[in-house]
Amino acid sequence: MKIFNTESGKKEEFVPQNPEHVTMYVCGPTVYNHSHIGNFRPPVVFDVLARLLRREFPKLTYARNITDIDDKINAAAAEAGVDISVISEKYTAAYHRDLATLGVLPTDVEPKVTEHVEQIHTMIQELIDAGHAYAAEGHVLFSVSSYADYGSLSKRDPEELLAGARVDVAAYKKDAGDFVLWKPSADEQPGWDSPWGRGRPGWHIECSAMAETHLGDTIDIHGGGTDLVFPHHENERAQSVCAHSGKQYVRYWMHNGFLSFNAEKMSKSLGNVLLVKDLAEKVPGEVIRYVLLSAHYRAPLDWNDDVLTQARNSLDRLYGALRTVTSLDASQQDHIPDAFMAALHDDLNTPKALAELFALAKQLNTSTDHETSQQLKSALLQAGELLGLLQHDADAWFAGDQSEADAATIDQLITERLQARADKDWGRADEIRDQLTAMNVVLEDGADGTKWRIDSSDANLSSSK
RNA sequence: GGCUGGGUGGCAGAGUGGUUAUGCAGCGGCCUGCAAAGCCGUGGACACCGGUUCGACUCCGGUCCUAGCCUCCA
């Protein structure tokens, strides 16, 4: 398996530190508000990677954190007049609902910052003891100049960084590039007692401490959005390497590209933020997931009003192929085609992998041999599972969210129409079909009976709000 | 301004120094009582300008556009 490593700028063969136990850490959300669709690209992309790793290695420990202490959470809590836990728990729950909508499997560990304050203290102390950090006016700062390799992950020259810095440099900083590990809290702000006074963790130390706690000093894969390369991951790396006597922190850094909306940055100020819960009212979560996997994870992905419709229609084709085989013989065999695996092994090339799914669908649609069809359906389901797609019952997929009562009515009408057709009473048959069309039901007559589906084509999938 | 990516047909989106991506949409045909689905076929693309090469969408240089980052950010 090859993985593009941000640190080297190349695709590298993936060799875990311990082939018996692979470790992966992905930066999770700060739970102060709803995450938008762009925020879900990493969980979905790394969910596919986790599925792949679990298939190919005996053990994977995958951690994705919840940042539940942050100034934005503080602000939201203060405004609502509640404890920060009220805010963070509310939006953690929302985050979990959205993950479930998108078919993202739970991680092995979901560490919360507020549950790791002790470990954060320990790590800060280690950094101070080793001369990489210093306390000043209630703050503890990491001394960037103490880590010679600083900047090499994000390919930045520390000198230029400082020259271009547009922030006000606090007087207590020895060096303008130094970043905070611990900062003081005012009395009304949430805080924890510490050797450096009451305060709260800085923005980067939490991930270092949580990764260390759950995955050890060196982790195999660390993922996140490309915007996190600097400063977040650069700083994480500096902290962890320095706290661990120079030991490597991450073997493979992976960063996903950004999602834009109609070629504009998705941001609250532009009013173009798309929420999973809103999209899920229009389409199944699987359609949203399909869109997120339809572009390579490192490439930019532009969301526009057509992508959901296209994804919906594409999935219809795959489910349509699955529906040609009504039952599946029990089979433990692995039928996933090599080309599909090769695509995923090539730096998680999900668009190529999807193309292989369509190749399977075409074979399935043209197959006349029972045995072959069974294998093809099995292959499609197994390959789909690796992508987190195609796991619904095909009939249920096409039935949409019709109630059972409706389904019963539809079946009743279809039975009547079949009789009319048997009697060659085309007028009556078409009358019934028109009736069903009015119910948004499309019929498909086949050799083995009549299937139906809910017409989603003119359902308003426009994603603008 | 600096650093790092990206610009492929109507849309989405892979890939490659010479050969069909794939899907959606379109068009023609087959199938069908008629449709739908499916199948077969089909048109249509590599931002621009140079260079290297027998040959460049692919490699190199430059230009333009675009995204992210330059201490909150997926």
Side-chain angles (χ1 to χ4, degrees), chain A residues 6 9 26-30 32 35-46 67 70-72 144 151 154-157 160-167 169 173 176-180 202-204 223-232 234-235 255-260 263-267 290-291 294-296 298-318 320-321 323-324 343 346 349-359 361-362 364-366 398 421 424-427 429-430 433 437 442-447 450-453 455:
Chain A
T6 304
V26 172
C27 290
T30 299
Y32 71 101
S35 299
H36 60 67
I37 183 67
N39 295 308
F40 284 96
R41 201 173 182 191
V44 169
V45 163
F46 291 102
T67 297
D70 173 271
D71 286 355
K72 279 191 244 183
V144 166
S154 56
K155 296 169 180 61
R156 280 157 211 270
D157 180 347
E160 288 184 6
L161 271 177
L162 302 186
R166 292 182 203 147
V167 291
V169 178
K173 286 192 183 184
D178 292 350
F179 56 90
V180 70
W203 304 298
H204 314 294
T226 186
D227 57 329
L228 293 182
V229 177
F230 190 89
H232 185 55
E234 190 73 56
N235 291 358
H255 293 97
N256 62 272
F258 249 53
L259 185 147
S260 56
E264 276 185 328
K265 179 179 177 170
M266 192 174 288
S267 75
Y290 184 100
V291 174
S294 67
H296 183 84
R298 281 191 285 120
L301 171 58
D302 187 37
W303 197 283
N304 61 54
D305 287 348
D306 293 329
V307 296
L308 281 179
T309 307
Q310 293 188 13
R312 171 74 192 223
N313 291 346
S314 300
L315 279 167
D316 277 353
R317 177 171 168 79
L318 295 174
R323 197 147 76 144
T324 62
D346 181 17
N349 191 337
T350 52
K352 185 75 161 54
L354 286 171
E356 297 302 331
L357 251 37
F358 286 103
K362 174 149 288 188
L364 192 48
N365 283 334
T366 52
F398 286 109
R421 291 183 68 217
K424 295 205 178 342
D425 182 356
W426 308 128
D430 290 348
R433 186 165 60 194
T437 302
V442 179
L443 298 182
E444 296 173 14
D445 293 331
T450 295
K451 293 175 175 135
W452 61 274
R453 64 187 167 85
D455 182 13

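Computed from a prediction, not measured in an experiment: that's the story for all the values here. FYI, side chains are in, hydrogens and waters are out, and symmetry mates aren't considered; it's all heavy atoms of this structure.
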Hey, could you give me the [atom1]/[atom2] distance between [X] and [Y], rounded to the nearest 0.5 Å?
X: Asn235(A); Y: Asp178(A); atom1: CG; atom2: CG; result: 10.0 Å
X: Thr450(A); Y: Arg433(A); atom1: OG1; atom2: CZ; result: 9.5 Å
X: Glu234(A); Y: Leu228(A); atom1: CD; atom2: CG; result: 12.5 Å

Does [N] pair with anything, Watson-Crick or G-U wobble, both distances under 3.5 Å, and if so, with which nucleotide?
N: rU22(B); answer: rA12(B)
N: rC27(B); answer: rG41(B)
N: rC69(B); answer: rG2(B)
N: rC46(B); answer: none

Separation of the [atom1] atoms in [N] and [M], to the nearest angstrom:
N: rG13(B); M: rC46(B); atom1: C1'; result: 13 Å
N: rA47(B); M: rC65(B); atom1: C1'; result: 8 Å
N: rG26(B); M: rG43(B); atom1: C1'; result: 9 Å
N: rA25(B); M: rG44(B); atom1: C1'; result: 12 Å
N: rG17(B); M: rU71(B); atom1: C1'; result: 43 Å
N: rG7(B); M: rC11(B); atom1: P; result: 15 Å
N: rU42(B); M: rU22(B); atom1: P; result: 11 Å
N: rA37(B); M: rC49(B); atom1: P; result: 42 Å

Indicate, yes or no, whether a donor-acceptor pair under 3.5 Å links the base of [N] to the side chain of [X].
X: Lys155(A); N: rC3(B); value: no
X: Arg433(A); N: rA35(B); value: yes
X: Asp430(A); N: rG33(B); value: yes

Just the rounded figure in Å: distance from [atom2] of [N] to [atom1] of [X].
X: Gln310(A); N: rG26(B); atom1: CD; atom2: P; answer: 12 Å
X: Asn39(A); N: rC73(B); atom1: CG; atom2: P; answer: 12 Å
X: Leu301(A); N: rG5(B); atom1: CG; atom2: C1'; answer: 15 Å
X: Asp455(A); N: rA37(B); atom1: CG; atom2: C1'; answer: 13 Å
X: Asn365(A); N: rG38(B); atom1: CG; atom2: C1'; answer: 6 Å
X: Glu234(A); N: rG2(B); atom1: CD; atom2: P; answer: 20 Å
X: Phe358(A); N: rA12(B); atom1: CZ; atom2: P; answer: 16 Å
X: Trp452(A); N: rA36(B); atom1: CH2; atom2: C1'; answer: 15 Å

Of the nucleotides [options], which one has an atom closest to the side chain of [X]?
X: Arg421(A); options: rG33(B), rA74(B), rA14(B); value: rG33(B)
X: Asn304(A); options: rU71(B), rA12(B), rC72(B); value: rA12(B)
X: Thr226(A); options: rA12(B), rG68(B), rC69(B); value: rG68(B)
X: Ala295(A); options: rA36(B), rC69(B), rG13(B); value: rG13(B)
X: Phe230(A); options: rC69(B), rC11(B), rA36(B); value: rC69(B)
X: Ser314(A); options: rG23(B), rC73(B), rC70(B); value: rG23(B)
X: Pro231(A); options: rA12(B), rC40(B), rC70(B); value: rC70(B)
X: Lys72(A); options: rC72(B), rG33(B), rA35(B); value: rC72(B)
X: Leu259(A); options: rC24(B), rU22(B), rA74(B); value: rA74(B)

> If every non-hydrogen atom of Asp302(A) is compared with every non-hydrogen atom of Ser260(A), which pair is closest and at what distance?
Replying inline: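 That would be OD1-OG, 2.8 Å.
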If you compare all heavy atoms of Phe179(A) against all heavy atoms of His204(A), which two are closest, and at what distance to 0.1 Å?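 Heavy atoms of Phe179(A) and His204(A) come nearest at CD1-CD2, 3.8 Å.
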Result for 5'-nearest mapping on RNA chain B, choosing between Phe179(A) and Arg298(A), is Arg298(A)
Taking for Glu444(A) and for Ala429(A) the nucleotide of RNA chain B with the nearest heavy atom, the one nearer the 5' end belongs to Ala429(A)
Checklist entry - Do the rings of Tyr290(A) and Phe358(A) sit parallel, tilted or perpendicular, given the 30° and 60° boundaries? => result perpendicular
For [X], report the nucleic acid contact type (base, sugar-phosphate, nothing); a contact means any heavy atom under 4.0 Å.
X: Leu443(A); result: base
X: Gly320(A); result: nothing
X: Val229(A); result: nothing
X: His296(A); result: sugar-phosphate

Taking only side-chain nitrogens and oxygens of [X], does any of them come within less than 4.0 Å of OP1 or OP2 of [N]?
X: Asn313(A); N: rG23(B); result: no
X: Asn349(A); N: rA14(B); result: no
X: Lys362(A); N: rU22(B); result: no
X: Arg317(A); N: rG38(B); result: yes

query: Would you call Phe258(A) stacked on rA74(B), i.e. ring centres under 5.5 Å apart with the planes less than 30° off parallel?
result: yes
Next on the checklist: Looking at Thr6(A), is its backbone amide N or carbonyl O close enough to the side chain of Lys155(A) to form a donor-acceptor pair, meaning the two atoms are under 3.5 Å apart?
Outcome noted: yes
Report task. From the options Thr350(A), Asn349(A), Leu354(A), select the one residue that forms a side chain to side chain contact (heavy atoms under 4.5 Å, CB included) with Lys352(A). Result ->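 Of the listed residues Thr350(A), Asn349(A), Leu354(A), the side chain to side chain contact (heavy atoms under 4.5 Å, CB included) partner of Lys352(A) is Asn349(A).
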Between Arg317(A) and Asn365(A), is any pair of side-chain heavy atoms under 4.5 Å apart?
yes
